[in-house]
Amino acid sequence: MSISADALLSRDLREDLAADPSLGAGNLLRRAVEVSPRPDAPFITSGRPVVDTDGCERTEFSLLDIDRLAQSWSAWYLEKGVEPRDRVAIF
């Protein structure tokens with residue numbers, strides 16, 4: 001996978017996020033979307049296609065796309081009975 005420099009947060013924004021004591025794994029993506037000047041800009045490219053929420057295979061994703069995927073996968077796991085703090089593996 002490769003990351004696009006156009007969508008990266010500035011050093012100041014990254015430092016602000018890192019200093020936020022409320023930031024954690026559960027809200028990192030949501031906060032990055034909130035502070036990003038371009039959350040819809042291409043962010044990451046996958047060498048292998050990933051199925052998007054609409055069922056289409058894609059290789060390029062913005063922060064917003066990644067957030068939609070994460071929310072979709074979260075809903076799917078909850079539907080399957082996975083509870084908060086249960087460990088899962090995605091490959």
Side-chain angles (χ1 to χ4, degrees):
M1 290 198 165
S2 61
I3 296 176
S4 168
D6 294 338
L8 293 178
L9 300 178
S10 69
R11 181 183 177 114
D12 290 341
L13 284 173
R14 291 191 312 267
E15 287 175 353
D16 289 347
L17 280 175
D20 182 352
S22 68
L23 186 67
N27 65 352
L28 175 63
L29 184 55
R30 173 58 34 208
R31 290 282 293 129
V33 168
E34 289 171 2
V35 301
S36 173
R38 295 195 53 213
D40 58 337
F43 176 67
I44 194 165
T45 302
S46 169
R48 219 161 83 186
V50 175
V51 177
D52 199 354
T53 55
D54 62 3
C56 295
E57 289 187 344
R58 297 179 53 189
T59 57
E60 187 175 90
F61 298 89
S62 69
L63 284 174
L64 289 172
D65 294 329
I66 296 167
D67 185 49
R68 279 191 287 271
L69 274 175
Q71 296 300 323
S72 173
W73 289 339
S74 178
W76 184 85
Y77 276 105
L78 283 171
E79 200 175 274
K80 300 297 180 194
V82 175
E83 306 264 335
R85 301 197 181 272
D86 284 351
R87 294 180 182 177
V88 297
I90 300 172
F91 64 95

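Excluded from the calculations below are hydrogen atoms, water molecules and symmetry mates; all remaining heavy atoms, backbone and side chain alike, are included.
By the criterion of side-chain heavy atoms lying less than 4.5 angstrom apart, applied directly or through intervening Ile, Leu, Val, Met, Phe, Trp or Tyr residues, Trp76 is not grouped with Leu78; the two fall into different hydrophobic clusters.
Arg31 is listed as a side-chain neighbour of Leu17, based on a closest heavy-atom distance under 4.5 Å.
A donor-acceptor distance shorter than 3.5 angstrom exists from the side chain of Asn27 to the backbone of Ser22, with no hydrogens or angles considered. Of the possible polar contacts, one joining the Arg58 side chain to the Glu60 backbone as a donor-acceptor pair under 3.5 Å is found.
Note that CG of Leu29 and OG of Ser36 are 10.5 Å apart. Values are rounded to the nearest 0.5 Å. Interatomic distance, CH2 of Trp73 versus CD1 of Ile66, reported as 9.0 Å (0.5 Å rounding).
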Thr59 vs Val50, side chain to side chain contact (heavy atoms under 4.5 Å, CB included): CA-CA, chis, key distance, verdict: CA-CA 6 Å; Thr59 57; Val50 175; over 6 Å; no
Asp16/Val35 under side chain to side chain contact (heavy atoms under 4.5 Å, CB included): CA gap, chis, key distance, verdict: CA-CA 10 Å; Asp16 289 347; Val35 301; over 6 Å; no
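Nearest heavy-atom pair across Val33 and Leu64 is CG1-CD2, 3.4 Å. The two residues Pro37 and Pro39 make their nearest non-hydrogen contact at C-CD, 3.7 Å.
Ion pairing between Asp52 and Arg68 fails under the 4.0 Å rule for side-chain N and carboxylate O.
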